[in-house]
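What follows is one structure encoded as structure tokens, with my remarks underneath.
Please read all numbers here as calculations on a predicted model, not as lab measurements.
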Amino acid sequence: MDPSQAVGAAGAAAQMDLSMWALFLRADIIVKFVMIALLCASFWCWAIIFDKLMKVRQLTTRADQFEEAFWSGGSLEELYDRIGARPIDPMSSVFVAAMREWRRSAAKGLADRDSTRASLPQRIDRVMSVTSGREMELLERRLGFLASVGSTAPFIGLFGTVWGIMNSFQSIAATKNTSLAVVAPGIAEALFATALGLVAAIPAVIAYNKISNDLDRYSKRLENFAGEFGAILSRQLEEKA
């Protein structure tokens, strides 16, 4: 290529609009679809992230308040009567489930029979375990989407990258011109698709790890509470016997 032509091509490339909006408008329909999909995935990921982070903070606050009321030395029957109709967090739901089973057994006189007294603590523990598992399943809902985006978004962006580079080579073959003005748009679109893939994947992976760790700690807190409460009910049952 003549030096003057190279300089002219470089000047044309420099004057070309390479903004994000311009890259999107000039992109191939396949690359546009990839970009839109990644933007939608990123938007939904951030919605899930904010929702889960606020939920975890709220759960921690409510668990602190419930444990303060539980260990305050007041009557467990009064605490159950106060929150039994509408538990507002998983820990109070576990407490309500255990107390409900305890009251049903007491109402039927099962706690006074030697044949059923031994199985009552096991039944209460099972009820608390089922309730805890159900509550944690609700809390972990939609976390799988973060994991999926974190693992697949870079590859989806890479697909857009490969497609954009293919378009660049086709432009070179059609025009028989290897100047920067011909190659730059396709390469820029390709790199933009890769960037969007990383923008969607990186926050999703970081948030998934953090939220999963927070929920694991909360799950262990529920298990500890269920174990302690089960021991209290078992001790009361033995004292009653």
*Ion pair present between R221 and D64, side-chain N to carboxylate O less than 4.0 angstrom?*
yes
*Got a donor-acceptor contact below 3.5 angstrom from the S234 side chain to the A231 backbone?*
no
_Could you measure the distance from the CH2 atom of W46 to the CG atom of L146? Nearest 0.5 Å is fine._
10.5 Å
*F66 and ring pair (Phe, Tyr, Trp, His ring centres under 6.0 Å): which partner among Y80, W71, F229, F225?*
F225
_Can you confirm whether Y208 sits close enough to I49 that some side-chain heavy atom of one is under 4.5 Å from a side-chain heavy atom of the other?_
no
*Out of curiosity, Y218 OH to L59 CG, how far, rounded to the nearest 0.5 Å?*
4.5 Å
*Report yes if some heavy atom in the side chain of W44 is under 4.5 Å from a heavy atom in the side chain of V149; otherwise report no.*
no
*Indicate if F145 and L53 have the same hydrophobic cluster label, given that clusters are the connected sets of ILVMFWY residues with side-chain heavy-atom separations under 4.5 angstrom.*
yes
*Flag side-chain contact, heavy atom, 4.5 Å: K52 against L215*: no
*Find out whether F192 and V31 are in side-chain contact, i.e. whether some heavy atom of one side chain is under 4.5 Å from a heavy atom of the other.*
no
_Flag side-chain contact, heavy atom, 4.5 Å: D51 against R142_ = yes
*Kindly indicate whether the side chain of E67, heavy atoms from C-beta on, has any atom under 4.5 Å from the side chain of M91.*
yes
*Taking all atoms of both residues into account, what is the closest heavy-atom pair of V96 and P87, and its distance?*
CG2-CB, 4.2 Å
_Least distance between heavy atoms, R103 atom then D81 atom_ = NH2-OD1, 2.9 Å
*Nearest non-hydrogen partners of A193 and T161, listed with the distance*: CB-N, 4.1 Å
*Does W102 reach the side chain of L76, with side-chain heavy atoms less than 4.5 Å apart?*
no
*Can you list the steps and then say if K55 with L139 is a side-chain contact (heavy atoms from CB on, under 4.5 Å)?*
CA-CA 8 Å; K55 186 69 174 178; L139 292 177; 3.9 Å; yes
*asked:* Quick check against the 3.5 Å criterion: does T60 have a side-chain atom that pairs as donor or acceptor with the backbone of V56?
replied: yes
*Which heavy atom of I83 sits nearest a heavy atom of S92, and at what distance?*
CD1-CB, 3.8 Å
*Residue pair R57 / M54, side-chain heavy-atom distance below 4.5 Å*: no
*asked:* Restricting to non-hydrogen atoms, name the atom on G150 and the atom on A204 that form the minimum distance, rounded to 0.1 Å.
replied: N-CB, 4.0 Å
_Using a 3.5 Å distance criterion without hydrogens, assess whether the side chain of T131 forms a donor-acceptor pair with backbone atoms of V127._
yes
*Hey, which of I156, L158, L39 is the one that makes side chain to side chain contact (heavy atoms under 4.5 Å, CB included) with V34?*
I156
_Donor-acceptor under 3.5 Å (R123 side chain, E101 main chain)_ = no
*N-O pairing of K210 and D214 below 4.0 Å*: yes
*Any donor and acceptor pair, going by atom type alone, linking the side chain of S132 with main-chain N or O of M128 inside 3.5 Å?*
no
*Enter the distance from L233:CG to M99:CE here, rounded to the nearest 0.5 Å.*
7.0 Å
*Any link between V199 and M35 through a network of hydrophobic side chains (Ile, Leu, Val, Met, Phe, Trp, Tyr) touching at under 4.5 Å?*
no
_Atom pair CD (E140) and CG (L138), whose distance is rounded to the nearest 0.5 Å_ = 9.5 Å
_Can you tell me how far apart CG (L143) and CD1 (I211) are? Round to the nearest 0.5 Å._
5.5 Å
*Linking I/L/V/M/F/W/Y whenever any side-chain heavy atoms sit under 4.5 Å apart, do I232 and F95 land together?*
yes
_Euclidean distance, S129 OG relative to L222 CG, rounded to 0.5 Å_ = 10.5 Å
